[in-house]
Enquirer: 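Sharing a structure here in structure tokens format.
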Amino acid sequence: MTDVRATLKRAVASALERMGVSELPEIDIQETPPDKPGDYGTPVAFQLARVLRKAPPLIARELAELVELPAGVSRVEVVGGYVNFFYDPAFLVRAALAPLAPAPKQDGKVLVEHTSVNPNKELHVGHLRNVALGDAIARILDFTGRRVEVLNYIDDTGRQSAESLFALEHYGLRYEGERKYDHWVGEAYVRLHQEMSDAERRAELEPAIAAVLHRLEAGELRGEIEKLLAAQLETMWSLGAEYDVLVWESDIVREGLLQKALALLEKTPYVSRPTEGKYKGALVMDTSAFIEGMEDPYLVLLRSDGTATYTAKDIAFQFWKMGLLEGLRFKPFTHQPSGRELYTSHPEGEPMPFGNAAETINVIDVRQSYPQQVLKVALEAVGRHDLAAGAYHLAYETVLLEGRPLSGRKGHTVSVDEVLEEAVRRARAVIAEKNPELENPGEVARMVGVGAVRFAMVKTEPKKQIDFRWDQALSFEGDAAPYLQYAHARAASILRKAEAESLADEPDFARATPYEVDLAKVLLRFGPSLAKSAELKTPHVLAQYLLDLAAAWNAYYNAKEDGRPATPVLGAPDGLRGLRLALVAQLKQTLAAGLDLLGIAAPEAM
RNA sequence: GCGCCCGUAGCUCAGUUGGAUAGAGCGUCGGCCUCCGGAGCCGAAGGCCACAGGUUCGAAUCCUGUCGGGCGCACCA
């Protein structure tokens, strides 16, 4: 893609060098505000005022005289201290039509872990944000040239799973297939927790739960967990999320990775076994060299009874992810809806090149910030500062439901399946009302419903808490996925008509009007927005850009002069029609590509 | 108590590395299909960018403090 701003930046830099500026400042090229002259401008003269001991307008004038105008720039004008560039409209429109394609692959893998829900009950809206964020960021990084591996961690030796499986046994339940399996198991889990709210009863049940936990650790109940996992995967797939590999916690322990990780740590001066005091008999890590201001810098890795803490397992897992440990074996698990193969760690598998990434992104909510920091500490402790720097915690704030925190126990929760079902139902109703003739209403309702839900999860900055409200998340108006999808469908409709009536003709770029230029400038922001999204590791930048793009397109589409359409596409004269069709095609392609990066489908009609 | 994050229009949120007059959506009010899809568009009202200092030619953005809100500080996961 022709990067207009980068070109200007180079031109300005070279002019500044000729002006004798030895240390170049960051040169900011920005679009000029709507009522200011020019297309792009730079405030660089302000930054240089002090160094050059001259007033910004003087510097700006000198710069304007010395700068060599890049191709497409017709003239330069000084406005106050700003230097503004005027582009030839034809050049900008042509630049905006550059084809979209994924960037070529760079070296080095980035491993994205997301979802990682306990295999013990159905997904709820809190998990939604995780899946939507993780899947989107994986897609974005992939498109921007990273080699991405998507991993979903299966915590099959956790207490939650043990309780769920125990509950089935305890209540003698038999699955009849009348409900989705994960929901059915979840009900038993909730029932068990009601029974255990009585402390005495809880104590009575404890040994039996511990027994299930032991069997889980021994891998005896893997089949039971797999049944739950299969049901959960249905939900993730219906959201449009897929993975490369599943890693089971029990495999990490069974293959000895935990032991190896602890062995590595024990060789460092930070890990020790106190023989007296509070931590007598335990294996602890001193974090004080890496985290300041901790009241108690000691972190338990092995309890005094010899069992490993969750943190210890997590460290082993992180070490494996970054290639410090080997030993996991894999085999194919299942085919995903797109045809992509899903692999899983498995004791009877074989070595495969998963993991060993220089960079990891762990998508986990903000409450896990401390444990995530500990992972970096462990990497630092074994002397791998480089890996610690490459371990990124994509921390997102929690999701509220109608203004209140989610709570399974108080029944203040909604499952993802329920949300999607309702979203699709509402979308179906809107289609029945607005476009009853639509050929594939069921399929489109799914795209719109799921899209609305996913977009609601990624349009806000991850570190801000979001409130899931039915009327908002499922809104089909305003800044929501259906707004983008509608803009796309509208463009598709025009292109279909042009095709059917053979209206395509050779674009005459010289006929570009300010309307085309405005749209072209927004199209040109796709690349930078995407790059920023990838750099900051948050999809919301891209999501917000897409809203801008759709708004620019809708404004273009509806533009009027003297009450008459100012920008007809199909009815435009030869040459201009071709130009507008090309622009519409580019717009449609950009919206579709952007939506796809957020994991949202773009229907041709809706 | 210590640490991290947040505070922008009635509500929900954007706001580029510190740059030109702080922008959207929802809601309210008023307009727009003889026109390629009205899930749309145009306009109006609505702001002490929590508050107080500071740095700077320039601050919603950086620094300090205060006030409000969220979260974290287990031999739980």
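Naming: A, B, ... by sequence-line order, numbering from 1 per chain. These numbers come from the heavy atoms of this one structure, side chains and all, not from hydrogens, waters or symmetry mates.
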Enquirer: Indicate the ring-plane relationship of A:Tyr556 and A:Trp553, choosing parallel, tilted or perpendicular according to the 30° and 60° boundaries.
Expert: parallel
Enquirer: Side chain of A:Arg469 only, please: which of B:U12, B:C13, B:C57 is the nearest?
Expert: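 For A:Arg469, the side-chain atoms sit closest to B:U12.
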Enquirer: Using whole Å, report how far CD of A:Glu31 lies from C1' of B:G15.
Expert: 14 Å
Enquirer: Is there a salt bridge (Lys or Arg N to Asp or Glu O under 4.0 Å) between A:Glu266 and A:Arg273 once you walk through the steps?
Expert: CA-CA 9 Å; A:Glu266 271 191 282; A:Arg273 288 179 189 273; 3.5 Å; yes
Enquirer: Nearest to the side chain of A:Val569, which nucleotide is it out of B:A39, B:C36, B:G72?
Expert: B:C36
Enquirer: Of the nucleotides B:C71, B:A39, B:C35, which has the atom closest to the A:Phe476 side chain?
Expert: B:A39
Enquirer: With centres under 5.5 Å and planes under 30° as the test, does A:Tyr82 stack with B:A20?
Expert: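 One would call A:Tyr82 stacked on the B:A20 base.
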Enquirer: The side chain of A:Lys434 is closest to which nucleotide in this list: B:A77, B:A39, B:C13?
Expert: B:A39
Enquirer: What contact category does A:Gln160 fall into here, base, sugar-phosphate, or nothing, at under 4.0 angstrom with non-hydrogen atoms?
Expert: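 A:Gln160: backbone/sugar contact only, no base atoms under 4.0 Å.
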Enquirer: Rounded to the nearest angstrom, tell me the gap between atom CZ in A:Arg496 and atom C1' in B:C36.
Expert: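 That distance rounds to 11 Å.
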Enquirer: At 4.0 Å (heavy atoms only), tell me whether A:Ala605 reaches a base, stays on the sugar-phosphate, or touches nothing.
Expert: base
Enquirer: Side-chain donor-acceptor pair under 3.5 Å between A:Gln318 and A:Asn362, yes or no?
Expert: yes
Enquirer: Would you classify A:Gln485 as touching base, sugar-phosphate or nothing, given that sugar-phosphate means primed atoms plus P, OP1 and OP2, and contacts are heavy atoms under 4.0 Å?
Expert: nothing
Enquirer: Both atom distances under 3.5 Å, Watson-Crick or G-U wobble: I'd like the secondary structure of RNA chain B as a dot-bracket string, with | for pairs made across strands.
Expert: (((((((..((((.....[...)))).(((((.......))))).....(((((..]....))))))))))))....
Enquirer: Contact class for A:Ser304 vs. all strands (heavy atom < 4.0 Å): base, sugar-phosphate, or nothing?
Expert: base
Enquirer: Distance check needed: B:A77 P versus A:Lys121 NZ, whole Å only.
Expert: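 From A:Lys121 NZ to B:A77 P: 20 Å.
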Enquirer: Rounding to an integer number of angstrom, what distance separates B:C62 and B:G19 when you compare their P atoms?
Expert: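 Rounded to whole Å, the distance is 11 Å.
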Enquirer: Taking the C1' atom in each of B:C67 and B:U28, what is the distance between them to the nearest angstrom?
Expert: 32 Å
Enquirer: Side chains of A:Glu516 and A:Thr513 only: does a donor on one sit below 3.5 Å from an acceptor on the other?
Expert: yes
Enquirer: How is A:Tyr483 classified with respect to the nucleic acid when contacts are heavy atoms under 4.0 Å: base, sugar-phosphate, or nothing?
Expert: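 Counting heavy atoms under 4.0 Å across all strands, the contact made by A:Tyr483 is with sugar-phosphate only.
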Enquirer: Hey, which sits more toward the 5' end of RNA chain B by its nearest nucleotide, A:Asn558 or A:Asp155?
Expert: A:Asn558
Enquirer: Does either side chain, that of A:Asn554 or that of A:Tyr483, offer a donor lying less than 3.5 Å from an acceptor on the other one?
Expert: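 Present: a donor and an acceptor within the cut-off.
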Enquirer: Give a yes or no on this: more than 12 heavy atoms of other residues, nucleotides or ligands lie within 6.0 Å of atom CD of A:Glu439.
Expert: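 Incorrect, the count does not exceed 12.
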Enquirer: Would A:Glu163 and A:Asn120 count as a side-chain contact (heavy atoms from CB on, under 4.5 Å) here? Give the steps.
Expert: CA-CA 8 Å; A:Glu163 287 175 348; A:Asn120 83 309; 6.0 Å; no
Enquirer: At under 4.0 Å between heavy atoms, what does A:Lys36 touch on the DNA or RNA strands: base, sugar-phosphate, or nothing?
Expert: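 It contacts base atoms.
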Enquirer: From the list B:G38, B:G19, B:U17, which nucleotide is the closest neighbour of the side chain of A:Lys532?
Expert: B:U17
Enquirer: Taking the side chain of A:Tyr486 as its heavy atoms from C-beta onward, which of B:A20, B:C71, B:G40 lies nearest to it?
Expert: B:G40
Enquirer: Could you work out which one of B:G19, B:A39, B:C75 sits closest to the side chain of A:Tyr279?
Expert: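 Per side-chain heavy atoms of A:Tyr279, the pick is B:C75.
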Enquirer: Quick one: A:Leu299 CG to B:C73 P, roughly how many Å, whole number?
Expert: 11 Å
Enquirer: Just to be sure I understand the rule, does A:Leu302 reach a base, reach only the sugar-phosphate, or reach nothing, if contact means heavy atoms closer than 4.0 Å?
Expert: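 Nothing: the residue A:Leu302, judged by heavy atoms under 4.0 Å, touches no strand.
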Enquirer: Take A:Gln485 and A:Ile600 through the test side-chain contact (heavy atoms from CB on, under 4.5 Å) and record every step on the way to the result.
Expert: CA-CA 9 Å; A:Gln485 292 169 319; A:Ile600 298 171; 3.5 Å; yes
Enquirer: Heavy-atom nearest nucleotide on RNA chain B for A:Gln472 versus A:Thr311: which residue maps closer to 5'?
Expert: A:Gln472
Enquirer: Rounding to an integer number of angstrom, what distance separates B:G25 and B:U56 when you compare their P atoms?
Expert: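 B:G25 and B:U56 have their P atoms separated by 39 Å.
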Enquirer: Applying a 4.0 Å non-hydrogen cut-off, can you work out what A:Lys313 is touching in the nucleic acid: base, sugar-phosphate, or nothing?
Expert: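 Result for A:Lys313 = nothing.
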Enquirer: How would nucleotides 25-31 of chain B be written as a contact map, 5' to 3', with B for base contact, S for sugar-phosphate-only contact and - for no contact, using protein heavy atoms under 4.0 Å?
Expert: SS-----
Enquirer: Under 3.5 Å, is there a donor on one side chain and an acceptor on the other for A:Tyr189 and A:Asn118?
Expert: no
Enquirer: Using the C1' atom on both, measure B:C13 against B:G7 and round to a whole Å.
Expert: 13 Å
Enquirer: Applying a 4.0 Å non-hydrogen cut-off, can you work out what A:Thr567 is touching in the nucleic acid: base, sugar-phosphate, or nothing?
Expert: base
Enquirer: Base, sugar-phosphate alone, or nothing: which one does A:Gln465 contact when heavy atoms must sit under 4.0 Å apart?
Expert: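 A:Gln465: backbone/sugar contact only, no base atoms under 4.0 Å.
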Enquirer: Taking atom types as modelled, is there a side-chain donor on A:Thr115 or A:Asn152 under 3.5 Å from an acceptor on the other?
Expert: no
Enquirer: For B:A9 versus B:G46, give the span between their P atoms, rounded off to a whole number of Å.
Expert: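 Each nucleotide's P atom is 14 Å from the other's.
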Enquirer: Can you confirm if the NZ or CZ of A:Lys537 lies within 45° of the ring axis of A:Tyr392 and under 6.0 Å from the centre of its six-membered ring?
Expert: yes
Enquirer: Of the options B:A20, B:G37, B:C71, whose atoms approach the side-chain atoms of A:Val79 most closely?
Expert: B:A20
Enquirer: Does A:Arg469 form a salt bridge (Lys or Arg N to Asp or Glu O under 4.0 Å) with A:Asp467? I'd like the steps, not just the answer.
Expert: CA-CA 6 Å; A:Arg469 296 190 191 170; A:Asp467 188 4; 2.9 Å; yes
Enquirer: With salt bridge (charged side-chain N to carboxylate O under 4.0 Å, His left out) as the rule and sequence neighbours excluded, what pairs involving residues 52-64 of chain A come up?
Expert: A:Lys54-A:Glu62
Enquirer: Considering every strand and a 4.0 Å limit on heavy-atom distances, what is the contact class for A:Ala489: base, sugar-phosphate, or nothing?
Expert: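 The answer is base, as A:Ala489 lies within the cut-off (heavy atoms under 4.0 Å) of a base atom.
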Enquirer: For a quick check of understanding: with a heavy-atom distance under 4.0 Å over all strands, which category does A:Asp314 fall into, base, sugar-phosphate or nothing?
Expert: nothing
Enquirer: Expressed in whole Å, how much space separates the C1' atoms belonging to B:G65 and B:A44?
Expert: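 41 Å, rounded to whole Å.
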Enquirer: What interatomic distance, in whole Å, is found between P of B:G10 and the corresponding atom of B:U55?
Expert: 32 Å
Enquirer: Please state the C1' separation for the pair B:U16 and B:A77 - nearest whole angstrom.
Expert: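 About 40 Å, rounded to a whole number of Å.
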Enquirer: Decide yes or no, distance alone: a donor-acceptor N/O pair under 3.5 angstrom between the base of B:A39 and the side-chain of A:Asn554.
Expert: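 Counting by modelled atom types and ignoring angles, no donor-acceptor contact under 3.5 Å is found here.
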Enquirer: Using a 4.0 Å heavy-atom cut-off across all strands, classify A:Lys9 as base, sugar-phosphate, or nothing.
Expert: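 Base contact.
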Enquirer: How far apart are the C-alpha atoms of A:Arg159 and A:Glu206, what are their side-chain angles, what is the distance that settles it, and do they pass the salt bridge (Lys or Arg N to Asp or Glu O under 4.0 Å) test?
Expert: CA-CA 11 Å; A:Arg159 186 168 176 95; A:Glu206 199 52 46; 3.0 Å; yes
Enquirer: Between B:U12, B:C6, B:C75, which nucleotide has the shortest distance from any of its atoms to the side chain of A:Lys464?
Expert: B:C6
Enquirer: Nearest to the side chain of A:Gln544 - B:C75, B:G19, B:A14?
Expert: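 For the A:Gln544 side chain, the nearest candidate turns out to be B:A14.
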Enquirer: Looking at every strand, decide which applies to A:Thr32 at a 4.0 Å heavy-atom threshold: base, sugar-phosphate, or nothing.
Expert: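 Here A:Thr32 touches the bases of the nucleic acid.
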Enquirer: Please state how far atom CG in A:Asp471 lies from atom C1' in B:C11, giving the value in whole angstrom units.
Expert: 11 Å
